[in-house]
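Just so we're on the same page: letters track the sequence lines, and every chain starts at 1.
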Protein chains: 2
Amino acid sequence: MVAVSLDAVLVAVTEETPRTLVVDAGGGRSRFPSGPLDDDRTLELGMRRVLRAQAGLAVGYAEQLYTFGDLARSSDDPERTVSVAYLLLAHEEPPDGPARWIDWYQLLPWEDHREGRPAVIDEAIGPACRHWIEAAADPADRARRQERAQVVFGLDGTAWDGVRALERYELLFELGLLAEAGRGSGLASLALDLDHRRMAATALGRLRGKLTYRPVVFELLPDTFTLLRLQRVVEALAGVRLHKQNFRRLVDSQGLVEGTGMMARTGGRPAELFRFRREVVRERPRPGVGTPWAGAGVS
Amino acid sequence: MVAVSLDAVLVAVTEETPRTLVVDAGGGRSRFPSGPLDDDRTLELGMRRVLRAQAGLAVGYAEQLYTFGDLARSSDDPERTVSVAYLLLAHEEPPDGPARWIDWYQLLPWEDHREGRPAVIDEAIGPACRHWIEAAADPADRARRQERAQVVFGLDGTAWDGVRALERYELLFELGLLAEAGRGSGLASLALDLDHRRMAATALGRLRGKLTYRPVVFELLPDTFTLLRLQRVVEALAGVRLHKQNFRRLVDSQGLVEGTGMMARTGGRPAELFRFRREVVRERPRPGVGTPWAGAGVS
DNA sequence: CGCATTTATGCTCCAAGTGAGCATTGCAAT
DNA sequence: ATTGCAATGCTCACTTGGAGCATAAATGCG
């Protein structure tokens, strides 16, 4: 018999920043909404109950994310807690209660490549990786470490893969560049209580993957939106800039969106308002917004 | 405080049939290896311990699959058990102890499309779906049901998507065509204890997805293999036949495999033995064996 | 008003990837 | 020798995806 908690990683995108909802954990720290499993009929219903209670929000899209149960999750608590975490998507709303939205990339700054590859990767992470690689005694071990670092952080010409957010987090953790449940560390200005930052990394990777084969972006957007707005949301999550013309060609040639005829004034030439075309899920096997985690370049 | 168990869905492929390892659950029923969480440092280590104890097997590749925690999982047990299930891949080996391998598609016969679309889909499932659709009172509700059935089972010209194995299972369950924890039901000759057949469906979907973007097939193969062998394993998991020439072009133009120069006699012209090229993970962002869940045809 | 700025949109090119077949080559069994 | 089964090589047509050029329609400012 162990304690089981239900955790909610709720994501929204405002303008250009992806945000996630946290509550106060005491001691100036924050954590995701989280509460014990009760007599809930299903785990998901329990999680929704917890979220409603702690953030006063009801949410549409939800999927189970991962279950965290390492013994060492909390340094204070000798007792083991197994946490079943869910990923939720919502339009950003002012939360009702003590919850607040924080910028996702403040937790994981190395994940945002929209303005180019973050300097911290080549300045701090790369050297730390090299040091860690050298430190391996066995040469086979060294080769394994090198491969891992290259693949995970896109070093030495290997392409950056946005989906590997969790693998990056875990490598950084092994490198000692993160203090779990700690604050800052040079790399990031913000951490979360317990292993909740690891949850954030897990959620980011999962969401990035899902974007490419399921039309989940639309859960984050209002009913109608301009194509640029859509693109900005995808970019915010993917952490990468996209080619504008190709993006619009993609979404409409795939039938992901349809024009409404209405126009929006957006600062430049007025843009047409589009809406999601539900029918696409019947027409295409894996409808999504492919982001170019492809291309061998150093990016 | 609830009971937490660790479950293992271990998959192997012999010749052309994907298999999964089950143990005896008493009363003539079977279930996946499963045992309570103990003082294990991590959940994964605990699961390996359980597997070792119940099947006498140690395994390489493992990933967390899903956590099952519905109240109604077991009709006998009033107590709730939360099960953290893992997906494992192995070369088939005779298990050590009371465990045995069973054919995956005996659990989920509608998933095997290698010899064409299984008759049961159009004969039993399709009509049941139509009945269920008609039964919806609200027309909007009816539209939702119709879309769901079409997408999930590839009815009315919508393409079949192998990855949606879990969604299919859940729909069948709602349709009353499955008796969870039961035996047979017209649709399948075999069921498992508890909701373990749902686990099997979850694992199948996950594995089919993963095949296309990570080189996991090689976990199921010996070090060297012929390309046809590789293809057969992929087909067994994907549940679909592939075009032979294109398949070999794919795997070698992507750099997934390399020839060894050694030959194998295989009944026809001797085939070259190939091996997995690890370097591919550094070269390509998402190396895998794309299966054509594409193509709009009725397939 | 005229012009720079901003954003929207249309279109072309090209390289790589994918679905389908045709043709040929080696070995084994009859 | 003939037949059958696989393994391999290669062609063709078509789709996708990355990049960039060019133009259109608003706004803000001197």
Side-chain angles (χ1 to χ4, degrees), chain A residues 15-16 159-160 212-213 224-232 234-235 238 240-274 283-299, chain B residues 15-16 159 212-213 224-232 234-235 238 240-274 280 283-299:
Chain A
E15 296 302 313
E16 313 237 338
W160 173 265
T212 68
Y213 64 93
T224 64
F225 44 81
T226 67
L227 292 184
L228 186 60
R229 176 84 188 279
L230 173 61
Q231 184 180 341
R232 292 294 178 230
V234 173
E235 289 174 339
V240 164
R241 284 256 169 259
L242 301 173
H243 180 108
K244 191 165 175 175
Q245 294 94 320
N246 290 344
F247 180 81
R248 48 171 56 239
R249 176 180 62 184
L250 178 83
V251 294
D252 104 2
S253 75
Q254 301 233 357
L256 269 173
V257 297
E258 62 190 354
T260 64
M262 294 182 295
M263 301 302 255
R265 57 275 155 283
T266 59
R269 167 174 169 176
E272 185 170 3
L273 285 168
F274 287 77
E283 298 161 1
R284 307 215 145 230
R286 323 193 74 189
V289 284
T291 51
W293 329 111
V298 194
S299 137
Chain B
E15 295 302 314
E16 314 237 340
T212 68
Y213 65 93
T224 64
F225 44 81
T226 67
L227 292 184
L228 186 60
R229 176 85 188 278
L230 173 61
Q231 182 179 344
R232 293 293 178 230
V234 173
E235 289 174 337
V240 165
R241 285 256 170 259
L242 301 172
H243 181 109
K244 189 165 175 175
Q245 294 94 320
N246 290 344
F247 180 81
R248 48 172 54 238
R249 178 180 59 186
L250 179 84
V251 294
D252 104 2
S253 75
Q254 301 234 3
L256 269 172
V257 297
E258 61 190 357
T260 63
M262 295 181 295
M263 301 302 253
R265 59 271 156 286
T266 59
R269 170 174 166 176
E272 185 170 3
L273 285 168
F274 287 77
V280 72
E283 297 162 359
R284 308 217 145 228
R286 324 193 73 189
V289 283
T291 50
W293 331 109
V298 194
S299 140

| query | Looking across every strand, which nucleic acid part, if any, lies under 4.0 Å from Leu228(B) by heavy atom: base, sugar-phosphate, or nothing? | reply |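 The answer is sugar-phosphate, as Leu228(B) gets under 4.0 Å only of primed atoms, P, OP1 or OP2.
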| task | Mark yes or no for a side-chain to base donor-acceptor pair under 3.5 Å between Asn246(A) and dG17(D), with no hydrogen or angle criteria applied. | result |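 No.
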Quick one: list whatever passes side-chain contact (heavy atoms from CB on, under 4.5 Å) with [X], sequence neighbours left out.
X: Glu272(B); value: Met263(B), Phe274(B)
X: Arg232(B); value: Glu16(B), Leu228(B), Glu235(B), Arg241(B)
X: Asp252(B); value: Val257(B)
X: Thr260(A); value: Thr224(A), Met262(A), Leu273(A), Arg275(A)

Interatomic distance where [atom1] belongs to [X] and [atom2] belongs to [N] [whole Å]:
X: Phe225(A); N: dA8(C); atom1: CZ; atom2: C1'; result: 16 Å
X: Leu250(B); N: dA16(C); atom1: CG; atom2: C1'; result: 13 Å
X: Phe247(B); N: dA6(D); atom1: CZ; atom2: P; result: 17 Å
X: Gln254(B); N: dT18(C); atom1: CD; atom2: C1'; result: 11 Å
X: Leu273(B); N: dA7(D); atom1: CG; atom2: C1'; result: 13 Å
X: Glu283(A); N: dT15(D); atom1: CD; atom2: C1'; result: 17 Å
X: Gln231(B); N: dT8(D); atom1: CD; atom2: P; result: 12 Å
X: Leu242(B); N: dT18(C); atom1: CG; atom2: C1'; result: 12 Å

| task | Could I get the full list of ring pair (Phe, Tyr, Trp, His ring centres under 6.0 Å) partners for Phe225(A), not counting sequence neighbours? | result |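 Listed in chain order: Phe218(A).
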| said: For dA8(C) and Lys244(A) - does any side-chain N or O of the residue sit under 4.0 Å from the phosphate oxygens OP1/OP2? | reply: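 The answer is yes; a side-chain N or O of Lys244(A) sits under 4.0 Å from OP1 or OP2.
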| query | Quick one: is dG17(C) close enough that its OP1 or OP2 comes under 4.0 Å of any side-chain N or O from Arg284(B)? | reply |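 Arg284(B) to dG17(C) OP1/OP2: side-chain N or O found under 4.0 Å.
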| said: Ignoring hydrogens, what is the shortest heavy-atom contact between Leu227(A) and Arg248(A)? Give both atom names and the distance. | reply: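 That closest heavy-atom pairing would be CD1-NH1, 3.4 Å.
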| Least distance between heavy atoms, Thr226(A) atom then Ala264(A) atom |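 Closest approach of Thr226(A) to Ala264(A): CG2-CB, 4.0 Å.
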| message | Both Arg249(A) and Ser253(B) contact DNA chain C. Taking the nearest nucleotide for each, which residue is further toward the 5' end? | response |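 Nearest-nucleotide comparison on DNA chain C picks Arg249(A).
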| query | Of all the choices, dG17(D), dA8(C), dT8(D), which nucleotide is nearest to the side chain of Ala271(B) once you look at every atom? | reply |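 Among dG17(D), dA8(C), dT8(D), the one nearest the side chain of Ala271(B) is dT8(D).
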| message | Counting primed atoms plus P, OP1 and OP2 as sugar-phosphate and everything else as base, spell out the protein contacts along nucleotides 21-30 of chain D at 4.0 Å heavy-atom distance: B, S or - for each nucleotide, 5' to 3'. | response | BB-BBSS---
